[in-house]
Amino acid sequence: MVIRNIKRVDENTHLRHKRMKVYTLETNSIVERKWFLDLLTCMFGVGAWILVNSLYTQLPLLVQSAPEGWNLPSYLSIVIQTGNVGPLLYSVWRRRYGNQYDRSLTIAVLIFGVTSVLLMARFYDVTGVVFGQPHSVVLCALTFTMALVGCTSSVLFIPSLAQYPDIYLVTYMVGEGISGFVPSLVAIVQGVGTTTCQTVELPDGRISKVKSTTDALFSSGPFFVGIGLIMCASTVSYLCLEYLPTCKKEKLRIPSEDNQVHQNIGVGSTDNRSRSLSVSLLIVQAAIVFFANGLLPSIQSFSCLPYGYMAYHFATNLSNIANPVACFIAYYTNRTSKTVIYTLCSICLVSTIYILMTAFTSPSAPLSNSTTGVVLIIFMWALFFGCASYVKLSIAAVLRNEGNRGLYLYGCITQIGSTAGALIGFYLINIVQLLKSYEPC
């Protein structure tokens, strides 16, 4: 009995040493961060959604000339969500081949994105006739190819970071935030022009008011060229992360025996609680992206344009700027706090209710003829997207603890929720036509 007890003590001591070794490996990987990995990971993150984000920043300009008018955002939202065919094809591929070809697929997707945005710069204003009505056919087609990059990034780009320490996931998410910040900053400088009503006399002697719009500082063509150059830098960054020897040395290397011990920690009730928490967070993620990525972008023109083109312009771009601000805040705070996550969800709910109210009461939205109304609508849009960005990053950080599979599920639920929101937005605007346009003149 004494010998058996001694053996048991030795085994427990050995097990504790192994656990301490795993903890030390993980802690060192966080403490000994490398600036060049932060830079490359951030730039890689920029390439995930900069194509779609840049497109949204141009909507205040595009709705003024596109045949679809105010309905253009709903068309583009549904086209963007059809980009989910990318994750679906990848899921089929993953079942058959696993993730052994993810590196080559990621490179191909990035190059595809560069090509798409450069074509957009040249042909975005080409229209065609569909079912007897003029439509922005080239814009929609290239939006689809650009959306393939963003949608696929959720299930392809993020899981590739599981081979690096956890802190670089936050850096990647900061990069995703910058992918909205940079186009928005350029778009603010670009301007949207001003819209005025002029009184003219018609040939039959009647008096009528017509809309007159001044041009922005520069058109969407040069804007998309600049985005293409940034996309090239993102592609180079990923190649460095995968092939540069100094980067490869920083990848996580936990011995298989220790890793097995680490995986066995918390089996039982703790594992069940963790699984329950993951399910609840995935539900929250689905609800957040339903509005943030799907429904609200579809109705933004109806919510903002009653307050003027400048209000729409600033609401769109400041919402994108709120994204990286939220990511930087999360960088220095306890981003895995469940209390913070659910508190910010409550704020998102309040701002969403106000945004929906303004959209469904268009063109007679509350306070539409006052400065207070303009400031409030811009603030509500920025507040929602800032809080939503923090929540999405926090959920990703929690699910990161489950490794590649947790982040894969995070990506899948993101695309499912986004698609559902875009479909409902398209139905409300273009099928049942519940939302009404506002004409300034």
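Position 1 is the first residue of the sequence; numbering continues from there. All of these numbers come straight from a predicted model, not from anything done at the bench.
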With side chains defined as the heavy atoms from C-beta onward, is the minimum distance between L296 and I299 less than 4.5 Å? yes
Does any part of the side chain of N71, heavy atoms only, come nearer than 4.5 Å to the side chain of Y75, both counted from C-beta? yes
What's the spacing between I321 CD1 and F181 CZ if we round to 0.5 Å? 5.5 Å
Validation row: S418, F291 side chains within 4.5 angstrom (heavy atoms): no
Any donor and acceptor pair, going by atom type alone, linking the side chain of N53 with main-chain N or O of W49 inside 3.5 Å? yes
Which atom of S220 lies closest to which atom of L62, heavy atoms considered: OG-CD2, 4.1 Å
Return the minimal non-hydrogen interatomic distance between I288 and C348, and the atom names on each side. CD1-SG, 4.1 Å
Neighbour count >12 (heavy atoms, 6.0 Å) for atom CZ, F379: no
Minimum-distance pair of heavy atoms, taken over all atoms of V284 and Y342: CG2-CE2, 3.8 Å
Would you find a donor on one side and an acceptor on the other, under 3.5 Å apart, between the side chain of S91 and the backbone of P87? yes
Going by ring-ring contact (aromatic ring centres under 6.0 Å, His included), Y172 matches just one of F157, F44, Y238. Which one? F44
Output yes when a side-chain donor or acceptor of T152 lies under 3.5 Å from a complementary backbone atom of V149, and no otherwise. no
Of S153, S234, C232, which is the lone residue that meets side-chain contact (heavy atoms from CB on, under 4.5 Å) with L110? S234
Are any non-hydrogen side-chain atoms of V114 and T235 less than 4.5 angstrom apart? yes
Do E176 and V46 have side chains that approach each other closer than 4.5 Å (heavy atoms only, starting at C-beta)? no
Between Q190 and F218 (side chain of the first, backbone of the second, donor and acceptor by atom type, cut-off under 3.5 Å), is there such a pair? yes
Can you tell me how far apart CG (L344) and OG (S394) are? Round to the nearest 0.5 Å. 7.5 Å
Would you give the length of the straight line joining atom CD1 of I50 to atom CG of N320, rounded to the nearest 0.5 angstrom? 10.5 Å
Please report the interatomic distance CZ(F144) to OG(S116), rounded to the nearest 0.5 Å. 10.0 Å
Could you walk me through whether Q81 and N84 pass the side-chain hydrogen bond (donor to acceptor under 3.5 Å, both in side chains) test, one step at a time? CA-CA 6 Å; Q81 297 311 319; N84 285 305; 3.2 Å; yes
Walk me through whether N317 and T57 qualify under side-chain hydrogen bond (donor to acceptor under 3.5 Å, both in side chains). CA-CA 6 Å; N317 292 293; T57 64; 4.6 Å; no
Neighbour count above 12 (heavy atom, 6.0 Å) for Y354 OH: yes
Test the R95-Y90 pair against the cation-pi criterion, namely NZ or CZ under 6.0 angstrom from the six-membered ring centroid and within 45° of the ring axis. no
Under a 4.5 Å cut-off applied to non-hydrogen side-chain atoms, are L139 and M120 in contact? yes
Between Q300 (side chain only) and Y312 (backbone N and O only), is there a donor and an acceptor less than 3.5 Å apart? no
Between the side chain of Y390 and the main-chain N/O of V325, is any donor-acceptor distance below 3.5 Å? no
Just by distance, do the side chain of S362 and the backbone of K436 share a donor-acceptor pair under 3.5 Å? yes
Judged by atom type as modelled, is there a donor-acceptor pair below 3.5 Å linking the side chain of Q58 to the main-chain atoms of S54? no
L428 versus F360: any side-chain heavy-atom pair under 4.5 Å? yes
Before giving the answer on side-chain hydrogen bond (donor to acceptor under 3.5 Å, both in side chains), spell out for S74 and S298 the whole-Å C-alpha distance, their side-chain angles and the decisive distance to 0.1 Å. CA-CA 4 Å; S74 66; S298 300; over 6 Å; no
When rounded to the nearest 0.5 angstrom, what is the spacing between CG in L76 and CG in L59? 6.0 Å
Within this structure, what is the OG-CD1 distance for the pair S368 and I377, rounded to the nearest 0.5 Å? 10.5 Å
According to the interplanar angle, ranging from 0 to 90°, do the rings of W93 and Y97 count as parallel (below 30°), tilted (30 to 60°) or perpendicular (above 60°)? tilted
Picking from S351, S319, S303, what satisfies side-chain hydrogen bond (donor to acceptor under 3.5 Å, both in side chains) with W381? S303
Side chain proximity check, L409 to I413, heavy atoms < 4.5 angstrom: no
May I ask you to decide if T361's main-chain N or O and S364's side chain share a donor-acceptor pair within less than 3.5 Å? no
For the pair L241 and L37, evaluate side chain to side chain contact (heavy atoms under 4.5 Å, CB included) and give the outcome as yes or no after the intermediate values. CA-CA 8 Å; L241 285 171; L37 277 184; 3.6 Å; yes
